[in-house]
Amino acid sequence: MIHKTPIAILISGRGSNMRALIESCARPDYPARIALVLSNNPDAPGLAVARAAGLATQAIDHRDYRRDRAAHERALDTALRAAGVEYVCLAGYMRLLTPFLTTAWAGRMLNIHPSLLPAYPGLHTHERALESGARIHGCTVHWVTEGMDEGPIIGQAAVPILADDTPDVLGARVLQQEHRLYPAALHRVLVPDAAPAATASDCLLSV
Ligand code: GRF
């Protein structure tokens with residue numbers, strides 16, 4: 001039987017990328033299992049989704065730590081270690097991380113970002129892509145390092161920008177690809193020798 005590496009998923013909101021990872025991890029041949037879904041937001045809708053899937057969840061509310069980011073991150077780190085987690089997937093986790101957590105999990109923490117990095121780090125990526133006049137947009141899974149959205153790229157998926165796109169329409173097209181990219185990129189990290197993920201004609205995916 002395939003070895004399943006224990007992972008955690010960190011969310012702040014709806015958790016659609018988390019859902020894609022849950023679906024992949026449910027497959028017997030996928031090399032990861034979800035040991036914990038962790039959120040800084042007790043009201044994150046994704047927590048209910050994770051619970052309904054029978055997963056262990058925990059909310060560690062950053063507001064309980066006032067402005068002490070380091071103390072909040074120490075609590076996250078303790079929860080991750082207690083759950084036996086080996087890799088951490090940020091999936092719409094909306095807190096900036098300090099060097100404490102990025103160093104503690106260096107080489108073991110991934111993030112998904114809705115642009116073709118290094119273009120458009122930060123927020124409002126779909127608006128910025130449309131304003132730029134670019135013809136191609138997409139998403140990136142990368143290693144988490146101290147600088148925001150700056151770590152080495154693990155994989156990317158590209159989508160066309162169409163003439164009548166709005167940020168929402170473009171964002172939905174990108175999100176569809178995020179849901180393919182994240183499981184493929186995590187697979188590549190855990191099983192580096194595996195065959196590359198197939199590409200589809202509606203997008204270019206490379207991990
Ligand atoms: C995604 O667009 C992801 O790339 C970004 O935040 C969003 C999270 O969406 N980091 P969801 O919670 O996974 O649906």
Side-chain angles (χ1 to χ4, degrees), residues 7-26 32 34 36-53 55 57-62 76 87-97 101-102 105 109-130 134 136-159 161 165-186 188-189 197 203-207:
I7 67 162
I9 306 176
L10 262 62
I11 61 169
S12 297
R14 66 188 165 184
S16 73
N17 279 289
M18 173 202 72
R19 192 193 292 261
L21 289 168
I22 291 174
E23 282 168 13
S24 292
C25 288
I34 299 167
L36 182 63
V37 172
L38 192 52
S39 181
N40 65 305
N41 172 15
D43 302 320
L47 283 175
V49 174
R51 264 184 238 115
L55 297 171
T57 65
Q58 202 174 334
I60 301 180
D61 193 338
H62 62 277
L76 294 178
Y87 283 81
V88 177
C89 294
L90 306 184
Y93 184 71
M94 299 305 285
R95 301 286 297 167
L96 285 176
L97 300 181
L101 214 58
T102 58
W105 290 88
M109 184 180 274
L110 298 72
N111 182 44
I112 187 155
H113 182 75
S115 77
L116 292 174
L117 290 171
Y120 321 125
L123 298 175
H124 309 299
T125 56
H126 310 311
E127 286 88 337
R128 289 154 68 199
L130 285 174
I136 306 244
H137 186 41
C139 49
T140 302
V141 171
H142 64 95
W143 292 110
V144 175
T145 56
E146 196 179 329
M148 190 185 60
D149 303 327
E150 275 182 13
I153 290 169
I154 299 166
Q156 293 187 307
V159 302
I161 296 179
D165 272 349
T166 63
D168 283 352
V169 168
L170 178 58
R173 190 176 307 124
V174 171
L175 192 63
Q176 266 190 340
Q177 299 309 321
E178 292 188 37
H179 298 161
R180 298 177 62 218
L181 176 65
Y182 215 162
L186 178 63
R188 168 48 53 102
V189 162
C203 90
L204 180 63
L205 180 141
S206 175
V207 292

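Here the structure is a predicted model, which is why all the values come from computation and not from measurement. Whatever order the structure lists ligands and atoms in, that order sets their numbers, starting from 1.
- At the top of the distance list for atom 4 (O) of ligand 1, counting protein heavy atoms only, stands Glu178 OE1, 2.7 Å.
- Among protein heavy atoms, the minimum distance from atom 6 (O) of ligand 1 is reached at Gly92 CA, 3.6 Å.
- In the candidate list Asn17, Thr125, Ile9, Asn17 is nearest to atom 13 (O) of ligand 1, counting heavy atoms.
- Distance from atom 9 (O) of ligand 1 to its nearest protein heavy atom, with residue and atom name: Arg14 NH2, 3.3 Å.
- For atom 12 (O) of ligand 1, the closest non-hydrogen atom on the protein side is Gly15 N, 2.9 Å.
- Protein heavy atom at the shortest distance from atom 10 (N) of ligand 1 is Ile112 O, 2.9 Å.
- Between Tyr87 and Trp143, the two ring planes are tilted [angle within 30° to 60°].
- Without hydrogens or angle criteria, Thr57 side chain to Ala50 main chain gives no donor-acceptor distance under 3.5 Å.
- In the vicinity of Pro114, heavy-atom distances shorter than 4.0 Å reach the ligand 1 atoms 2 (O), 4 (O), 5 (C).
- Residues Thr140 and Gln156 bring a donor and an acceptor atom of their side chains to less than 3.5 Å of each other.
- Annotation: Glu146, atom CD; neighbour count of heavy atoms from other residues, nucleotides and ligands within 6.0 Å does not exceed 12.
- Checking side-chain atoms of Ser39 against main-chain N and O of Ile11 turns up a donor-acceptor pair under 3.5 Å.
- In this structure, Thr125 contributes its side chain and Tyr120 its backbone to no donor-acceptor pair below 3.5 Å.
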